[in-house]
Amino acid sequence: MEYELGGTMPDTGEEEWAPFIGVLRARDGMVVHWREYQNPIVMAQAMSRLLTGGASD
């Protein structure tokens, strides 16, 4: 599956979104394995802005 997680920067109100890919395995109607992939560059940029109070790169 593909999805995005997002949130609002507390100090600036700016929204940050990061794309993810999830690979799930189901058995008998239940998820038995979940693997998640993300873009580490996008995550690092978002975390940097969060830690610096929303300042842009």
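The side chain to side chain donor-acceptor pair (under 3.5 Å) search around Glu15 returns Trp17, not counting sequence neighbours.
Counting Ile, Leu, Val, Met, Phe, Trp and Tyr side chains that sit under 4.5 Å apart, directly or through other members, Ile41 stands alone, with no cluster partners.
Of all non-hydrogen atoms in Val42 and Pro19, the two that sit nearest each other are CG1-CD, 4.2 Å.
The distance from the CD atom of Gln38 to the CZ atom of Phe20 is 4.5 Å, given to the nearest 0.5 Å. Note that the CD1 atom of Ile21 and the CZ atom of Arg35 stand 13.0 Å from one another [nearest 0.5 Å].
Residue-environment remark: CD (Glu2) stays at or below the threshold of 12 foreign heavy atoms within 6.0 Å.
Applying the ring-ring contact (aromatic ring centres under 6.0 Å, His included) rule to pairs touching residues 21-45 yields nothing, sequence neighbours excluded. Sorted by first and then second residue, the side-chain hydrogen bond (donor to acceptor under 3.5 Å, both in side chains) pairs with a member in residues 19-31 form an empty list; sequence neighbours excluded.
The closest side-chain heavy-atom distance from Met1 to Leu24 is below 4.5 Å.
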